[in-house]
Protein chains: 2
Amino acid sequence: MARKPGSRSDITGPRIRAAARRLFARHGFAAVSMRQIAAEVGVQAGALYLYTPDKETMLVDLLKDHMDELIVAWDAAAPGGGPLERLQAFVRFHIAFNLDHADAVFLSYMELRNLGPENFAVIEGLRRDYENRLEAILTAGQGTGLFAVPDTKLATMAIIAMLNGVNTWYREGGRLSRAAVGDIYWDMVRKAVAA
Amino acid sequence: MARKPGSRSDITGPRIRAAARRLFARHGFAAVSMRQIAAEVGVQAGALYLYTPDKETMLVDLLKDHMDELIVAWDAAAPGGGPLERLQAFVRFHIAFNLDHADAVFLSYMELRNLGPENFAVIEGLRRDYENRLEAILTAGQGTGLFAVPDTKLATMAIIAMLNGVNTWYREGGRLSRAAVGDIYWDMVRKAVAA
DNA sequence: AGAGTATCTGAACGCCCGTTCAATACAATC
DNA sequence: GATTGTATTGAACGGGCGTTCAGATACTCT
């Protein structure tokens, strides 16, 4: 056997990435073998090395692409207007985006420890870029007296952690719709930072 | 070689548990081998099986002991009084306990996926027991009109996620003392649930 | 001092790991 | 329809994995 009928790298490539993302999120990076990923796609393990130099690069590429996509999506969705409107938009955007990319979000928080120092620094830097966008909103609101947070850095971390928590319990078709969850969390965030 | 001078199970046992907890938290359950744990303690891998029937049991015992300790500690620390006092105590307790048991906390959130279904259910049940104690406080305050949360279950999850976030950034000897962090988070939680 | 028990070693078991590579079958191009 | 380049297989590499166990040493108790 050798090349398979219908084989094309622009089809196999995305399928490999999707399988890896799913399996890494489900079972953990270290617990998933290259052979498992390959089996999910329907190829042999050796074929994966047409698409990645090694396993760690596979992970770091997934994380980097996810963070890039997150930042681009927020920059496209972010409204103008006052700090209150921008904060509300951030809360709703963050919840929605995270639910739409649950596997990648989970990965980007749980598997950083499997990265070498320089890869770690890259992902950590992207995360800080994103967090800074929230902190800027809080700082703006603080400046106009609209918000009264004791510490904008901690408030940033607190809000993000709180919103990330949604991914741990939200189930599609459950008691609350996504919109309802957005409403409820916005209510709590709004009050938490209010002057 | 065989038994070593000074060897005692009530010394080796805790050392094995501590090494496993540290390594699992640092590198992930799947990424840590029994031989690594044994090396950290200074024994051969085979000796670990005097203390655990297998690797997964080692993990589940760590998680179960942690959750038990958490619940016992809160029940001992929980004050009487009104919902506001009890909520404040919870916020400060949770932050302090988590910082004192950072490895176990990390494990109990990251490594649940490495458990079989019945072990998973046990740990998940203990976590819910703990969360229910917070929810009871919120419900009490809601009843007296002291709090105004849109949904006590979501508020519970939101507060716990927010407090858990402290462990991801707090560093001993950093800009803020533990007490200062407690003050700041209590301020945000208090406002978030306020009527 | 001796018996009995607790603790640990060291070697072995079968199995799976990440990665490489020559061989080969298909796709794309002209 | 021949040629060139692409995608894949299948086998192999050295090595580490979780786990078991017979044998050996150290403690404990009488």
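As a basis for the values below, the full set of heavy atoms in this structure was taken, side chains included, without hydrogen atoms, waters or symmetry mates. To find a chain, count down the sequence lines: A is the first, B the second, and so on, and within it residues start at 1.
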### Rounded distance in Å - CD (E56(A)) to C1' (dT19(C))
15 Å
### Task
Report yes if a side-chain nitrogen or oxygen of T12(B) is closer than 4.0 Å to either non-bridging phosphate oxygen (OP1 or OP2) of dT7(C); otherwise report no.
no
#### Entry: Qualifying residue for side chain to side chain contact (heavy atoms under 4.5 Å, CB included) with L138(B), from L146(B), D151(B), I159(B)
I159(B)
### Message
With each end axis built from five pairs of C1' atoms, what bend angle do you get for the helix from dA1(C)-dT30(D) to dC30(C)-dG1(D)? Round to 10°.
### Response
20°
### Task
Any pair with a residue in residues 159-195 of chain B that passes ring-ring contact (aromatic ring centres under 6.0 Å, His included), sequence neighbours left out, goes on the list, sorted by first then second residue, please.
none
### Task
Any salt bridge (charged side-chain N to carboxylate O under 4.0 Å, His left out) involving residues 67-86 of chain A? Give me the pairs, sequence neighbours left out, ordered by first then second residue.
K64(A)-D68(A), D75(A)-R133(A)
### Message
The criterion is salt bridge (charged side-chain N to carboxylate O under 4.0 Å, His left out); which residues satisfy it with K55(B), sequence neighbours excluded?
### Response
none
### Task
Apply salt bridge (charged side-chain N to carboxylate O under 4.0 Å, His left out) to D65(B) and list each qualifying residue two or more places apart in sequence or on a separate chain.
none
### Task
Can you tell me the distance, in whole Å, between the CD atom of Q44(B) and the P atom of dC21(D)?
18 Å
### Query
If each of G46(B) and D54(A) is mapped to the nucleotide of DNA chain C with the nearest heavy atom, which maps nearer the 5' terminus, i.e. the 5' end?
G46(B)
### Task
Taking only the side-chain nitrogens and oxygens of Y49(A), find out if one of them lies under 4.0 Å from OP1 or OP2 of dT9(D).
no
### Query
Can you list the residues that meet the salt bridge (charged side-chain N to carboxylate O under 4.0 Å, His left out) rule with D54(A), with sequence neighbours excluded?
none
### Of the listed nucleotides dG10(D), dA7(D), dT7(C), the one nearest the side chain of L50(B)
dT7(C)
### Task
With sequence neighbours excluded, give me every ring-ring contact (aromatic ring centres under 6.0 Å, His included) pair touching residues 24-57 of chain A.
F24(A)-F29(A)
### Message
Considering only residues two or more places apart or on different chains, which pairs with a residue in residues 131-150 of chain B satisfy ring-ring contact (aromatic ring centres under 6.0 Å, His included)?
### Response
none
### Task
Take atom NZ of K55(B) and atom P of dT19(D), then tell me their distance rounded to the nearest Å.
8 Å
### Task
Could you work out which one of dT19(C), dA24(D), dA7(D) sits closest to the side chain of A2(B)?
dA24(D)
### Task
For N114(B) and dG18(D), give me the distance from atom CG to atom C1', rounded to whole Å.
15 Å
### Task
Could you tell me the separation between the CD1 atom of I37(B) and the CG atom of L23(B), rounded to the nearest 0.5 Å?
6.5 Å
Output one line per pair: protein atom, nucleotide atom from nucleotides 27-29 of chain D, and distance, for all N/O pairs under 3.5 Å.
residue	atom	partner	partner atom	Å
dC27(D)	OP1	G6(B)	N	2.8

### Query
Between atom CD1 in I11(B) and atom C1' in dA26(D), what is the gap in whole Å?
14 Å
### Task
Can you sort out which residues in residues 18-37 of chain A have a heavy atom within less than 4.0 Å of DNA chain C? Ascending by number, please.
V32(A), S33(A), M34(A), R35(A)
### Task
Keeping to residues at least two apart or across chains, list the salt bridge (charged side-chain N to carboxylate O under 4.0 Å, His left out) pairs with something in residues 19-31 of chain B.
R22(B)-E40(B)
### Task
Could you list all the ring-ring contact (aromatic ring centres under 6.0 Å, His included) pairs where at least one residue sits in residues 106-131 of chain A, not counting sequence neighbours?
F90(A)-Y130(A), H94(A)-Y130(A)
